[in-house]
Amino acid sequence: NNKISRRHFLGTAAASSVGLMGLAACSGGTQGGQSASAAHAGASNSTAHTTETASSGLSSHVAPGELDKYYGFLSGGQSGEMRVLGVPSMRELMRIPVFNMDSATGWGRTNESREILNAGLTADTREFLRKSNMPVMPNGDLHHPHMSFTDGTYDGRYVYANDKANNRVCRVRCDMMKVDKITEIPNASGIHGLRPQRYPKTGYVFANGEHIVPIPNNGTMLDDPAQNYWAVYTALDGETMQIAWQVMVDGNLDNGDADYQGKYSFSTCYNSEKGVTVTEASANEQDWCVVFNLAEIENGIKNGDFKEINGVKVLDGRKTNAAKNYTRYIPVPNSPHGCNASPDGKYIMLNGKLSPTVTVLDVSKLDDLFAGKIKERDVVVAEPELGLGPLHTAFDGRGNAYTTLFIDSQMVKWNIQKAIDAYASKTKTSDYIIQKLDVHYQPGHNHTTMGETKEADGQWLVSLNKFSKDRFLNVGPLKPECDQLIDISGDEMKLVHDNPTFAEPHDLMLVSANKINPKKTWDRKDPWMWQTTLEQATKDGITLEKDSKIIRQGNKVRVYMTAVAPAFSMPFFEVYEGDEVTVIITNNETIEDLTHGFTLEGHGIAIEISAQATASVTFTANRLGVYWYYCQWFCHALHMEMSGRMIVHKK
Ligand code: CUK
Ligand code: CUA
């Protein structure tokens, strides 16, 4: 039995210090590779390992026709999209293409999506794409989705997410569940941690540059990382998606969070060494958490205390500039990772990663720290030892925290106040640990329902596990990830459901369904997605909802048509070889769920046109002959007949 051998193995492994090798993943089972990773030092607590049953408590079953209580916004990771789940059923409801190109909807292919993808890029990146013959950046790593806040809780307006691969931040409009803005962050490398301001509202969206690079990174400086490479912290304006300011810091920036008071934001740093190899970056016994003082930074900007680099105002928040009070650096044991604010607004949890601890900061002490009345470590009010590889912490709103233990493959539930008491009394106790639950395997992020808001409701916890070996039918060398649903409504955590997911959810956000109210069709009076297309149509004397017309301007041809099931308003159109053709289609359906598509065979084109939307696509008619276009969204009994011909003549 796989589970027994795994527990047996962990139970008998000799306790030893956590070295780098300890970070290697172990996916249960009994293979030899596991021995390096199971250095298990958790013997100090006697908490029983819980078995995985759900005999009583909440059920994940949502009967046919019934609706889930929560939306889950799941990152698609390197798939580049954002996914919408229903929770607790864990059913995938929608994929919102963002940083990827999508075969079904034509995201990345339509003119409207290309405009959104490219509008916020730097001049430098546009030039790179032009030289590389790429109309859009073809990939992205959509990493951390987080909703906009008003007064410490989700307000249902937007979900923001970062692209670690190409240094972008996107915004999804929750009324349409589509992306409306994407901003590239200059001067930074590897935009990783991302969090919106909680109070009074979003406000800022904070984005961490994980890697150190020369600033500006234009080839004039390449060597001597310790002297010449830097990480920057970025604040975007969540309304305009423009960059408000950046702060240059010592070390690097990993994960971040913001307080509930609107005064401070935070980031962990695992590379205070400014190393460029894994050995260098993990050499120090301590790294730190950077605290950003928002009012002081805003003052600095107002007073002109910045350098403008690549069009962005960059402040100096390094240690040598501490007198300015923009930042403080709080020492934290080796290589902290996740950064999580507790829903009571009092604490920031810094998850130890290479240290078996979580460091708890008391937010109310930060004013004194910046005023010079106390020292950095005086802000720390607890440092519970939880187990091996703490990565992220979630909350139930009842004073308990839930921390993922990557190396131990466990979720540990612990009591925050008891951990604070233990730290204050300096007693060697671990009675703050309430329960450890095996998860399968190697959890990274975890998330509770409404858990990053003041309305944390303590119903469900999802553990996003990086490995799934043996949990699902084998699908070959590449396995899915394993997202596990855990009932936390009672005294004990109970594992309820395993959900496989494709590459690779990093993070999840769980929001009460009543916070979000998407529209059922597009609104012709709010043409934000096709504004440019509308302007061109107006110039062409076209009414998008009515006209079927071809406008020719030299070799540029614009083909306007409408779609109502089961026909396009144009059964055929004719162009000449070499023409630059733009097909513009307006879906005139007024009822919900009546999406049409336009697929042009042999031309690499398929686009979505949902009810009341306009979408367009441009291509060159480089093939002589007859090419069928057809609707690819099943819409009618005569859906197969919803088609037409493009006829390409020799010039
Ligand atoms: S980070 Cu912590 S496990 Cu990139 Cu959100 Cu993934
Ligand atoms: Cu329209 Cu299928």
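What's counted below: heavy atoms across the whole structure, side chains too, no hydrogens, waters or symmetry copies. Order of appearance sets the numbers: ligands from 1, and atoms from 1 within every ligand.
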**OP:** Give a yes or no on whether a salt bridge exists between D257 and R198, defined as a side-chain N under 4.0 angstrom from a carboxylate O.
**Re:**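 Yes, this pair counts.
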Original post:
Does a side-chain N-to-carboxylate-O contact under 4.0 Å join E608 and K178?
Top reply: yes
Side-chain donor-acceptor pair under 3.5 Å between [X] and [Y], yes or no?
X	Y	value
Y229	S189	no
N208	N255	no
S610	W522	no
T404	N446	no

Subject >> S75 (side chain) donor-acceptor with H143 (main chain) under 3.5 angstrom >> reply: yes
Original post:
What do you reckon, are the aromatic ring centroids of H337 and H392 less than 6.0 Å apart?
Top reply: yes
Original post:
So, do F149 and Y154 have ring centers that fall under 6.0 Å from each other?
Top reply: yes
Original post:
Hey, which residues fall under 4.0 Å of ligand 1 on heavy atoms?
Top reply: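 Shell around ligand 1 (4.0 Å, heavy atoms): H143, H144, H192, N255, H337, H392, G444, H445, K466, H506.
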Original post:
Listing by chain and number, what protein N/O/S atoms are under 2.8 Å from atom 1 (Cu) of ligand 2?
Top reply: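 The answer is H596 ND1, C631 SG, C635 SG, M642 SD.
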